[in-house]
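Presented below is the structure to which this report refers.
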Amino acid sequence: MAAVVLVHGLYHRPEHFAVVAERLRTAGTEVVVPELHRGSLPADTAAVQAAIDSLREPPIVLGHSYGGSVITGVGGAGHLVYLAAFVLDVGESAAGMGGASRQLQEAITSELDGSTSLRPDRAADALYGDCPEPLAAWAVGLLRAQAPGCGRGVPERHSWKRTPSTYVVCGQDRAIDPGLQRKMASRCTDVREWPTGHSPFVGQPHLVVELLQELLATSISRKRDEGVTTTR
């Protein structure tokens with residue numbers, strides 16, 4: 001069975017990918033959506049690595065926003081998808097690359113335990129500004145506090161240097177500057193650009209599903225061709 005691993009970003013939960021995951025599963029794709037919030041980039045990366053290792057074949061692994069930092073550090077993926085995400089090189093971190101836009105930074109509030117959270121009103125505009133208000137409110141309601149320091153984490157490995165990759169630039173993003181996204185996208189094998197905000201898996205999930213199904217079909221076709229070649 002074809003497989004996809006969906007990796008959320010800071011403040012988010014696996015439930016934000018619910019519609020994408022359901023549609024892929026209905027079409028016969030195995031989908032794993034690991035929970036991050038393990039306290040550090042290495043711990044988050046280990047959680048995603050465990051998900052990849054649990055699958056029988058190398059999956060397509062999609063990382064959103066900070067999730068790009070996470071998938072950069074994993075091994076065993078068949079294809080990487082960076083969705084408005086951080087493609088980091090040696091010594092780089094999401095924070096060091098410019099990180100959150102001013103608009104998103106103004107939404108962040110500090111908690112007494114050192115964690116941070118997002119103000120609901122400002123988070124809705126920065127993360128889901130292109131979504132209908134009820135949908136944006138649903139997504140904001142799922143957001144949770146974030147442990148400090150994850151955005152400053154530096155990956156120990158850089159999988160995009162060895163694994164085929166697709167970058168999706170979100171051209172109307174208010175959380176990560178599209179210009180920065182295009183700069184990081186130049187490191188990937190393929191680049192797409194969508195006229196969406198930061199979270200198309202919420203506002204336009206069909207775009208994410210269609211891209212993943214396209215990549216899955218390409219992978220299956222390539223394996224079939226390799227099998228025919230091998231038997232000759």
Side-chain angles (χ1 to χ4, degrees), residues 3-25 29-52 54-55 59-74 77 80-88 93-95 99-100 104 107-108 115-118 120 123-124 126-128 131 135-151 153 155 159 166-168 170 173-176 181 184 194 196-205 207-209 211-212:
V4 170
V5 178
L6 303 173
V7 182
H8 63 78
L10 296 180
Y11 305 103
H12 283 71
R13 298 176 185 264
E15 290 82 356
H16 283 94
F17 279 116
V19 174
V20 171
E22 180 183 3
R23 292 184 184 180
L24 289 171
R25 288 172 179 142
T29 300
E30 183 175 4
V31 182
V32 182
V33 193
E35 175 83 50
L36 300 186
H37 302 291
R38 308 300 175 109
S40 68
L41 176 60
D44 288 341
T45 303
V48 175
Q49 187 67 64
I52 293 172
S54 72
L55 299 168
I60 293 175
V61 181
L62 179 149
H64 173 245
S65 197
Y66 162 76
S69 301
V70 177
I71 71 171
T72 290
V74 303
L80 301 169
V81 179
Y82 288 89
L83 177 58
F86 290 95
V87 187
L88 304 178
S93 68
L104 183 57
I108 298 173
S115 65
T116 58
S117 59
L118 297 179
L127 300 176
Y128 316 113
C131 298
L135 190 57
W138 169 81
V140 168
L142 288 174
L143 296 173
R144 57 165 290 176
Q146 177 67 50
C150 292
S159 56
T166 297
Y167 197 102
V168 178
C170 292
D173 201 324
R174 299 174 185 172
I176 299 177
Q181 292 183 43
M184 294 186 290
W194 296 343
T196 70
H198 188 62
S199 309
F201 48 90
V202 173
Q204 300 190 57
L207 292 176
V208 182
V209 172
L211 173 61
L212 292 171

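- With sequence neighbours excluded, the residues that form a side-chain contact (heavy atoms from CB on, under 4.5 Å) with Ala21 are Leu6, Arg25, Val31, Val33.
- The neighbour count for Glu35 CD, taken as heavy atoms of other residues, nucleotides or ligands under 6.0 Å away, is above 12.
- A search for ring pair (Phe, Tyr, Trp, His ring centres under 6.0 Å) contacts involving Phe201 returns Phe17, His64, not counting sequence neighbours.
- Annotation: side chain to side chain donor-acceptor pair (under 3.5 Å) contacts of His8 (sequence neighbours excluded): none.
- Considering only heavy atoms from C-beta on, Leu55 comes within 4.5 Å of Val5 through its side chain.
- Of all heavy-atom pairs spanning Tyr66 and Gly151, the tightest one is CE1-N, 4.4 Å.
- Taking both residues in full, the closest heavy atoms of His198 and Ser65 are given as NE2-OG, 3.2 Å, listed atom of the first, atom of the second, then distance.
- Evaluation of the side-chain contact (heavy atoms from CB on, under 4.5 Å) rule for Ala126 yields Gln103, Leu104 as partners, not counting sequence neighbours.
- In this structure Arg23 satisfies the salt bridge (charged side-chain N to carboxylate O under 4.0 Å, His left out) test with no other residue, sequence neighbours excluded.
- You'll find the side chain of Leu83 stays beyond 4.5 Å of the side chain of Leu211, heavy atoms only.
- Under the rule for a side-chain contact (heavy atoms from CB on, under 4.5 Å), the partners of Thr45 that lie at least two apart in sequence or sit in another chain are Leu41, Val70, Val74.
- The heavy-atom pair separating Ala94 from Leu88 by the smallest distance is N-CD1, 3.8 Å.
- Taking each heavy atom of Ile71 and Val81 in turn, the nearest pair found is CD1-O, 3.6 Å.
- Each of Leu118, Val202, Asp173 was scored for a side-chain contact (heavy atoms from CB on, under 4.5 Å) with Leu127, with one residue passing: Leu118.
- Annotation for Gln181 and Val168: closest pair OE1-O, 3.8 Å, computed over non-hydrogen atoms.
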